[in-house]
Amino acid sequence: MTTTTAEPEVANPKTVNPVPSATIRFCGDSGDGMQITGDQFTSTSALLGNDVATFPDYPAEIRAPRGTLAGVSGFQVHFSSEDIFTPGDTLDALVVMNPAALKTNLRDLRKGGILICNSDNFQKSDLDLAGYDVNPLDSQVLEDQYQLFKVQMTKITREALKDTGLGTKEVDRCKNFFALGLVYWLYGRDQEPTLRYLQSKFSNKPEIIAANTKAMRAGWNYGETTDAFTSSYKVEPAQLPPGKYKNMKGNTAMAWGLMTAAKLSGKELFLGSYPITPASDILHELSKFKNFGVRTFQAEDEIAAVCSAIGAAYGGAMGITTSSGPGIALKGEGIGLAIMLELPLLVINIQRGGPSTGLPTKTEQADLFQAILGRNGESPMPVIAARSPGDCFDAAIEAWRISSRMMVPVMVLSDGYIANGSEPWLIPDYNKLEKIPIHHPVPSENGEKFKPYQRDELLARPWGIPGIKGLMHRLGGLEKQDVTGNVNYEPENHEHMVHTRAKKVDNVAQLIGLQEVEGPETGDLLVLSWGGTYGACKTAVEQCQEQGIKVAHAHLRWLNPFPRNLGDVLKRYKKVLVPELNKGQLRMIIRSKYLVDAQGLNKIQGRPFFVQEVVAAIRGQLGLASANGSKPTATAAVSGIAGSGDAGG
Amino acid sequence: MTTTTAEPEVANPKTVNPVPSATIRFCGDSGDGMQITGDQFTSTSALLGNDVATFPDYPAEIRAPRGTLAGVSGFQVHFSSEDIFTPGDTLDALVVMNPAALKTNLRDLRKGGILICNSDNFQKSDLDLAGYDVNPLDSQVLEDQYQLFKVQMTKITREALKDTGLGTKEVDRCKNFFALGLVYWLYGRDQEPTLRYLQSKFSNKPEIIAANTKAMRAGWNYGETTDAFTSSYKVEPAQLPPGKYKNMKGNTAMAWGLMTAAKLSGKELFLGSYPITPASDILHELSKFKNFGVRTFQAEDEIAAVCSAIGAAYGGAMGITTSSGPGIALKGEGIGLAIMLELPLLVINIQRGGPSTGLPTKTEQADLFQAILGRNGESPMPVIAARSPGDCFDAAIEAWRISSRMMVPVMVLSDGYIANGSEPWLIPDYNKLEKIPIHHPVPSENGEKFKPYQRDELLARPWGIPGIKGLMHRLGGLEKQDVTGNVNYEPENHEHMVHTRAKKVDNVAQLIGLQEVEGPETGDLLVLSWGGTYGACKTAVEQCQEQGIKVAHAHLRWLNPFPRNLGDVLKRYKKVLVPELNKGQLRMIIRSKYLVDAQGLNKIQGRPFFVQEVVAAIRGQLGLASANGSKPTATAAVSGIAGSGDAGG
Amino acid sequence: MPTELPTLTPADFASDQDVRWCPGCGDYAILAQMKKVMPQLGVARENVVFISGIGCSSRFPYYMNTYGLHSIHGRAPAFATGLKSSRQDLQVWVVTGDGDGLSIGGNHFMHLIRRNVDLKIMLFNNRIYGLTKGQYSPTSPLGKVSVSTPMGAIDNPLNPLSVAIGCEATFVARSIDVNIKHLGEVMKRAAEHKGTAFIEIYQNCNVFNDGAWDYATSKETKHDNVLELEHGKPLIFGKAKNKGIRLNGTHPEVVELGKGISEDDLLFHDEKAPEPTLAYLLSRMRHPEFPEPIGVFRDVDGPKYDVELNRQITAAREKKGEGDLNALYNSGETWTVG
Amino acid sequence: MPTELPTLTPADFASDQDVRWCPGCGDYAILAQMKKVMPQLGVARENVVFISGIGCSSRFPYYMNTYGLHSIHGRAPAFATGLKSSRQDLQVWVVTGDGDGLSIGGNHFMHLIRRNVDLKIMLFNNRIYGLTKGQYSPTSPLGKVSVSTPMGAIDNPLNPLSVAIGCEATFVARSIDVNIKHLGEVMKRAAEHKGTAFIEIYQNCNVFNDGAWDYATSKETKHDNVLELEHGKPLIFGKAKNKGIRLNGTHPEVVELGKGISEDDLLFHDEKAPEPTLAYLLSRMRHPEFPEPIGVFRDVDGPKYDVELNRQITAAREKKGEGDLNALYNSGETWTVG
Ligand SMILES: Cc1ncc(C[n+]2csc(CCOP(=O)(O)OP(=O)(O)O)c2C)c(N)n1
Ligand SMILES: Cc1ncc(C[n+]2csc(CCOP(=O)(O)OP(=O)(O)O)c2C)c(N)n1
Ligand code: SF4
Ligand code: SF4
Ligand SMILES: [Mg+2]
Ligand SMILES: [Mg+2]
């Protein structure tokens, strides 16, 4: 256990250094329990009052063989005494449980950052699997560039747990809690919340509780007592708006938002879904809440999923379907029918890397075209995108407000990054949320025939549902006459209906408010973003503003229709930059609609933007030299309670 | 049988008036055999050397009850002594077999045009079905505005056929041949070709041949001998380029083009398809040619259809799938896989009115977004559109040339209008057609491992097929490493592959030549069209040019990628007008890509453009008063061998 | 909640839309029977929903004065499952064709049947694609010449009843468009069944596949080619009721009654057999080797997806109380700022 | 075209890709058997193609040193049909899972089976969605608690063999991942069959559904719970081979041998029975009431879609001669200008 630091001026042993924020990453084999480790670190930090943002990153599809590059699973946490909006670009600390994790993650560690390695796992066979000829821990390079800590985690954990009576296999699965304890010490975190977690999660397995507690304590004590670590760090609580918080994952927020929207509108929720990464968790979450009147239906495929939701909507329920790109592709025909039937419906797409099966566990924003334009015929539908994990809650509610008000299916876009990421969520009071009024027609008093396609001022038709005497009517996918809803093939009627359906969607703009801008009202550059890139764009713009650059930020919540004033907003800036995790899909639509020469910052790597990438692009647009000259690299990750591995398909 | 004409100066009885061209429409109940009647008139006119263009228009879905408005079936023929490109705007002659046909078609007849009605079918019950309170044939209005001929077709046909021994039902089914004979007389057409058709079609039903021959002769004689008609018309042969011609339907041309492409490339054709209007005829046509090595597979659904074609392509066949909008929607996921696999594949979309089931038998161009942008992830594919019935032949060949050269699926767009329409087709000599070279790799001599994703100068990968020793490899829908084709999740590789797939599609521009323009090289206005609106746009632009307007016409064959010089072309005109049978899909893409303020002429009525609509829009763009002041109306139709009704779904 | 229902007539179940099938189409007879049966079911019109896919047959909902959904090709079972699962108060009928239900819709058919959702499904089997003008269908016989199979079909046809029984069906029946009384009875039995009730109806498409069922409908041959199943009764057929079906191992065989063979030697029908093997065996009896059974093949009770789903909802509410969102929001680890 | 084949070993069939299943997954045993059987089939590696959908099981093709296609979820049968129909020279295997094959892919499965395309399909049944981390599947039993069914599954499971038999299967068999010898034999039988050969393989997912097949694999219980079918032999099982299956009407019943019951009283297996009722009956024998049969349930000959398609091609060519495009272009009514 040698310790070398690249910063010789470090103070006395066991100094506590205050830092405004830190980004760390736990990484190891997918069987090493890195996700749980990261989750625990996040909760604990949040409970300490830090603002937090997380980025779990796990292997695609099948669990790869132990120790291989393909099997590496990571979890990054950014925790801060200030408001933060991203999980961080570069890492302040990286915990690696094996050589494969080192190889795939090291480039994201900042120069001089802390590198903690489980040196027991750097045996010849481990090195071979990761493709290392020599042990990198022995090389001077690492010692020169980082604060390298080689820790015999396996050995020490075994030692600490030798009296538990557990087998080696079980004992070794506690290594991650050793790492967790060590990092807790390093950042002065409290072990209490994790002890509570162990108690509640394994209440019927006291030996597991005991073992993990011991491992964690061993890790903490290792930091506290050995000579290895000379200083630790402290991140003060953030000044979040007052209130009660909890740490919230995007997919959970989406599920809860949907349940909330159902209650606010007096509806029961019906979810038709087919499992697919990274959307399945919404199905899982909603399945838990039958006592909220939530019905979840795991359909035979995505087509049945969307169709069952439409069937439920026809019956008056809040119909929802959730999926990811390939599954959404299969729903196109069904969505087209819902557009024709003019029924409310939420279609939720948790985007992942494509095309085809692509990169199932990675994030991307490349389904925007599919959402807005990807159906046969003229079939417009409103599209809304959530911008952060907690925002999924609000986006779900807003989507349902529009869908039920306008009698039109709404597409809700999220992505793998915000779906699996988390952030502190200011707990709302349900009773203070705005209700969603829904009216179902009843027979007219004068005995007039029910007109299922008679429209109100915003062109919405009435939501007449079965079971009501005197409202009997038939709907279908053939073109229909306005007002009566009868099948109609007349040329003028068709044109009228195509325009009417489009205008109805345009009318959504009357309900969604105007586009707001953060920053100067006019200026050199507007950064126009949407969806999960919000945090990176906001942070980057703020950094640039602090540097005196005349740049503003507009983040689009609705992608279709756009806010009524968007054209005006765009014209107030000399340039428009559209950062997207795709080849420029929003940019294409903006250019077409407003004829502005919007430029793109595009990244298609299955990963979110780094703030510095956006900063560099902003500076580049304005002809400024890059702030630090260095190409920005990636960001934080450690590894231990091993679950079923982390994968998706 | 009274005859009144609005043109009192008409000459002696039985005058023959030469006219440069005429547009006529046969219409009646869908059981009345109007499609056959129109077909016969077309063939005969083509054989006489006229240029012809047709527009069949039949009811959607189920056969409607006899005599109703919904059951009306029409067939329009434009025949001319000059080059023509559309089936005509307004009708010179309209033949109606019942009141419903009159009601739905009259507005397309030009003032003073010939209106021939089967007055026997204007009984109270017929009038009721069509919603007429009084018999329109009795009203002065018709007589004032048109040359009205009330002909007792049923009675005369029965009379003529009374010795055939056929029952009334069979006899009445010959009325359409009476009408055909009458119109043959009116336009001085030869009855011989139709007699030949009857002989070959009903060779084992001599009584049918005899009856229809009698009915046709009776119609002819009626025109020749009764006082009703005082003059007939004559349309001289057109000056088509020399060669041998036949009359060609769009879907037949598509099928033959596909077969030709297969032969030219030394491939066997595999079609995976699921029936859908208006695409089914391609499946039917191809199914006939097993002796050409054509394999057709009627799959269980559209998904299986596209996947089977991909499977065949993997094996080295020419894989094709055909459908229409709703079916294409279902193929999106499969197409995405083909894009990822980088296999050649043709996806043929015969567009119809949408969204959803929409207007299944009507035409529209509203699947362009779906074709170019309608898939999950970044999944570009080349898109080509045929412009006329005969052009489907060439488009099919060109699509396969690109697809097999570039190892990419290609979408071929046609539409209901050109698919069912017909025009004279200059018969090619197969031996003079350019071959399509295809190379399958063989094992390298030096024993090097096969690299399925090694690319050539245009970025195409090799088409390695099973059965070849030493080339064994596995493909799949997960992102793959360039060169090796192995599964790969690395961020940079993904970005590289996304860009590579896009660049490969862009490289198609190097193979398709430059955009040509008809008309002045620079000017006030460029009309930019695509697909089946070619004829109307070309004709309209030519008419305007004759009027001295500085307008040019560019017709896009490839919608993705665009020809390299398109941006330059667009900049040479002050304005750009994009006429489309949708809400402006090409326009949107053009605006985005070239930032030109292209304007749209959009019609979404399930019907093609009338030339005069395009003319009016051109004049409107240039601030010129409309040429004739009158709102353009629709165009020509009569009704009789009744088939199985005309419908689709 | 049965309430006092007015006495309705078939005409009350006719919608105001023109019926648009070809004259002579078998669909008319089925529609007429449905309208006749409806008033006898004791369900208010507004609580009845017909859901169909696309095809001639799928036009059905437009003609019933109830609620209705003419959906997309093949997916009617999925719409119906969503509707019925969230609206237990409705009686839901699915109308489909041999193409709609067994070709593009095969998967939904299969899963509907196994889930045993409490709804009724009628498959109008005309062994052809009617609406798209005459392509062969999954029930067309081998060798069928059609526009898409000019040299004859080469796919083994599916047997709709065998498929349903292979997919755990609790109720399967067969009837014939022109056998109007029988058809009406079978519809009633289906309506009474709790769970997915599947009826295959032989339907004549007189335009594209005229006479496909002649052997089962023509006066001369029908008695020899059709066998009416009756629960607990031996399998007897023939104009003179002189022929029967006897079991030989797991194979049925046609025997003549008399000459030493009595009714007791015959196979007895048992709709309620807990194992579906008998129903399966009956579904395998095909013309011309055998008379084809019509009537109810199988009618047993089993868990119903929609009923169980709603039972879980009730159980969850009973156990945990009606969901409280504020409690949910505040569950787990939380912390307070300021 | 059988050519002289070099003698290959299982290792020759291993691709260069890392196998990425969880340690202990049943898929390993199946892969090992496949590699073992392959050299015995007399087919050159380059003429073998494995096609799969998406799922843990569907990773299979990557690990075989043959041609392979890892396609999209549920659609493998369609890719395979297209390939085999146009390439009669290839031996095509489809690998699928209970979710891939029976949930999203149910329709293609059904139509592949009925068409009897000459290819082999192996369904790895682990009664769970492995790849997507543990949702219940169409073969999960009622009451199955999973991430998507926290209160237990309420859909009746499908029985893959019953489904296949309901869809006109000509070859159906069942084996078990750890029963390696038996599995290898069944694979060979499938390879020999002409037409669609369907094998259900009980496969343990030790991560998400560990022990689902324990009753059929554990030393203590397997003899009582599994019955090995042998053509022409009576149905006998039990460690002491002292139990058998007897037929009572159309119902099987478990009997003990001896005490007046001899082997001759038992049901005899007949793979070749022309009617599938026996195979269906066997597929209905489920744990715990019955021992579950493994082995070949049915193996009969029938028209094969791909073979017939190619026969039509040949016949058309023989009858009309190889197609002549110039003749086609010039067919029908033509006219000449100039
Ligand atoms: C997605 C899609 N594919 C194809 C079609 C075309 N289509 C409509 S109905 C039909 C088949 C109808 O056959 P069947 O279900 O037997 O009904 P029938 O008309 O015979 O009553 C087809 C192929 C469609 N409407 N939608
Ligand atoms: C269109 C689509 N929908 C859903 C998925 C997600 N998905 C991948 S595999 C799978 C199920 C796997 O279960 P099974 O077929 O039983 O295979 P196993 O993993 O158990 O071997 C699902 C739902 C997908 N990849 N594509
Ligand atoms: S085509 Fe056939 S099934 Fe359709 S309406 Fe006509 S007769 Fe009936
Ligand atoms: S999840 Fe289950 S099926 Fe998948 S590899 Fe792991 S053990 Fe095997
Ligand atoms: Mg049918
Ligand atoms: Mg499985």
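Please read all numbers here as calculations on a predicted model, not as lab measurements. Order of the sequence lines fixes the chain letters, A, B, ..., with proteins taken first and strands second; residue numbering starts at 1 for each chain.
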message: Main chain of D:Glu271, side chain of D:His231: is a donor-acceptor contact present, judged purely on distance under 3.5 Å?
response: yes
message: Looking at C:Lys272, I'd like to know if its NZ atom is crowded, meaning that more than 12 non-hydrogen atoms belonging to other residues, nucleotides or ligands lie closer than 6.0 Å.
response: yes
- request: May I ask you to decide if C:Val117's main-chain N or O and C:Thr196's side chain share a donor-acceptor pair within less than 3.5 Å?
  value: yes
- line: Given C:Leu161, C:Ile165, C:Leu247, the one with more heavy-atom pairs under 4.5 angstrom with chain D than any other is C:Ile165
- prompt: Can you list the residues that meet the salt bridge (Lys or Arg N to Asp or Glu O under 4.0 Å) rule with C:Lys320, with sequence neighbours excluded?
  reply: none
- prompt: In Å and rounded to the nearest 0.5 Å, what is the OG1 to NZ distance from D:Thr314 to D:Lys319?
  reply: 14.5 Å
message: One pair to check against side-chain contact (heavy atoms from CB on, under 4.5 Å): D:Thr96 and D:Phe109. What are the steps and the verdict?
response: CA-CA 10 Å; D:Thr96 185; D:Phe109 177 77; 5.7 Å; no
task: Not counting sequence neighbours, list each pair that qualifies as a ring-ring contact (aromatic ring centres under 6.0 Å, His included) and has a residue in residues 148-168 of chain C.
output: none
- prompt: According to the interplanar angle, ranging from 0 to 90°, do the rings of D:His193 and D:Phe171 count as parallel (below 30°), tilted (30 to 60°) or perpendicular (above 60°)?
  reply: tilted
message: Looking at D:Asp118, is its backbone amide N or carbonyl O close enough to the side chain of D:Asp306 to form a donor-acceptor pair, meaning the two atoms are under 3.5 Å apart?
response: yes
Largest heavy-atom contact set with chain C, pairs under 4.5 Å, which of D:Gly105, D:Gly106, D:Gly74: D:Gly106
field: C:Pro157 versus chain D, the contacting section by heavy-atom distance below 4.5 Å
entry: backbone
Heavy-atom contact with chain D under 4.5 Å, split by part of C:Leu281: both
field: D:Arg311, D:Gln312, D:Lys304 screened by side-chain contact (heavy atoms from CB on, under 4.5 Å) with D:Glu308, the one that passes
entry: D:Arg311
field: Candidate pair D:Asp98 and D:Ser103, rule side-chain contact (heavy atoms from CB on, under 4.5 Å), full reasoning
entry: CA-CA 7 Å; D:Asp98 42 326; D:Ser103 192; over 6 Å; no
task: Please confirm whether the backbone N or O of D:Ile54 pairs with a side-chain atom of D:His73, one donor and one acceptor, at under 3.5 Å?
output: yes
- line: Of the listed C:Pro276, C:Ala316, C:Pro303, the one with the largest count of heavy-atom pairs under 4.5 Å with chain D is C:Pro276
Residues of residues 139-150 of chain D within contact distance of chain C, non-hydrogen under 4.5 Å: D:Leu142
query: Under a 4.5 Å heavy-atom cutoff, which of C:Leu102, C:Val307, C:Leu267 has the most pairs with chain D?
result: C:Leu102
query: Quick one: which residues of residues 283-291 of chain C reach chain D at under 4.5 angstrom, heavy atoms only?
result: C:Arg284
query: Going by an N to O cut-off under 4.0 Å, is there a salt bridge joining D:Glu168 and D:Arg114?
result: no
- prompt: If you look at every heavy atom in D:Leu266 and D:Ile236, which pair is closest and at what distance?
  reply: CD1-CG1, 3.6 Å
message: Please classify the contact of C:Ile113 with chain D as side chain, backbone, both or neither, using a heavy-atom distance under 4.5 Å.
response: neither
message: If we define contacts as heavy-atom pairs under 4.5 Å, which of D:Thr250, D:Ile104, D:Ile154 has the most with chain C?
response: D:Ile154
- line: Checked C:Asn116, C:Asp155, C:Asp270, C:Asn159 vs chain D; the most non-hydrogen pairs under 4.5 Å come from C:Asp155
